[in-house]
Amino acid sequence: DAKVGAHAKSVVTSVGKESLRVRLDKKGFAIGHLHFTEVAEPGQDAAMPKVAVGETLHVVLLSKCDENGKTSASVNNQAESGKKPDRAHFALSVRPSTLAGGTTRRIVSAAQLKVGQQVDGWVKFVGTKAGSGLWVALSESVSGYVSSHYVRDDAPHGAAMQDHFKYGQAVHARVLELPTEKDGVSTPLKLTLRDSITSKRKAPEPTGKDSEHCKESAASAAAAQR
């Protein structure tokens, strides 16, 4: 039986830009999801394994997840309640350190974060419009937005992000603001990549253009994943 913490010789069933899916048993009742944030070590650029459908892949089962590969406390609580769904879904890792038996603290919820905390992530979407920012994935379940104001100390506001960043690039960030939701309006997790920003400095209120770029980038990032 597939269990969290186990190693498995899986069979690839689909391959995408951001993730791939595998079969963990012969009957297909246990399904694994490998997100690109669990391919490389923190600080190293990530690229999905070059495997084709039908090939085998050595993986480690990290946690229970939903059918979209997202890990959350509710999913794992349901698993612990004894309820057995038709199929079991698992988040996977192929990081060399994890395959070797090591463990790392995974950020699967923004509730684990605090303002000023330093985090490692990977670029998942780069804005194409002047002044737009980028999205950084901390895990398969948590991503943060980096406004063009907070990208680099030496990058002028409005600089083309494509000139500085690429998909899968490893970045070291600091949490500026936690996500919020009030009166039906939600704001994303906000990060900075600038070395000069300290945990004591609060991010300024975004301008109208910043908010528009954030919404446009979020929509584009979502479309790119489909």
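Keep in mind that what you see is a predicted model, and the values were worked out from it rather than measured.
- Pairs passing the side-chain hydrogen bond (donor to acceptor under 3.5 Å, both in side chains) check and including a residue from residues 43-58, sequence neighbours excluded, read H7-H58.
- For the side chain to side chain contact (heavy atoms under 4.5 Å, CB included) criterion with L62, the lone passing option out of L34, T98, L92, V4 is T98.
- For D66 (side chain) and N68 (main-chain N/O), a donor-acceptor pair under 3.5 Å exists by modelled atom type.
- Pairing each heavy atom of V94 with each of P49, the nearest pair is CG2-CG, 4.3 Å.
- A donor-acceptor contact under 3.5 angstrom links the side chains of T71 and E140, judged on distance only.
- Applying the salt bridge (Lys or Arg N to Asp or Glu O under 4.0 Å) criterion to R21, with sequence neighbours excluded, gives no partner residue.
- One hydrophobic cluster holds both L24 and V15 under the rule that ILVMFWY side chains link at heavy-atom gaps under 4.5 Å.
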Could you go through the side chain to side chain contact (heavy atoms under 4.5 Å, CB included) check for K114 and L178 one step at a time? CA-CA 7 Å; K114 61 182 180 180; L178 298 176; 5.5 Å; no
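- The two residues F90 and K64 make their nearest non-hydrogen contact at CZ-NZ, 3.7 Å.
- Taking both residues in full, the closest heavy atoms of G116 and R174 are given as O-NH1, 3.0 Å, listed atom of the first, atom of the second, then distance.
- Comment: E67 does not engage R87 in a salt bridge, judged by the lack of any side-chain N to carboxylate O separation of less than 4.0 angstrom.
- Scanning both residues, V108 and Q112, for their nearest heavy atoms gives N-OE1, 2.7 Å.
- Under 3.5 Å, the side chains of E181 and S186 contain no donor-acceptor pair of N or O atoms.
- By the criterion of side-chain heavy atoms lying less than 4.5 angstrom apart, applied directly or through intervening Ile, Leu, Val, Met, Phe, Trp or Tyr residues, L57 is not grouped with I31; the two fall into different hydrophobic clusters.
- Residues E41 and W122 approach most closely at O-CZ2, 3.6 Å, considering heavy atoms.
- Using a 4.5 Å cut-off on side-chain heavy atoms (C-beta onward), Y145 and L189 make no contact.
- Residues satisfying the side-chain contact (heavy atoms from CB on, under 4.5 Å) criterion with A137, sequence neighbours excluded, are H35, F36, T37, K124, S143.
- Between R106 and A91, the closest heavy-atom pair is NH2-CB, 4.0 Å.
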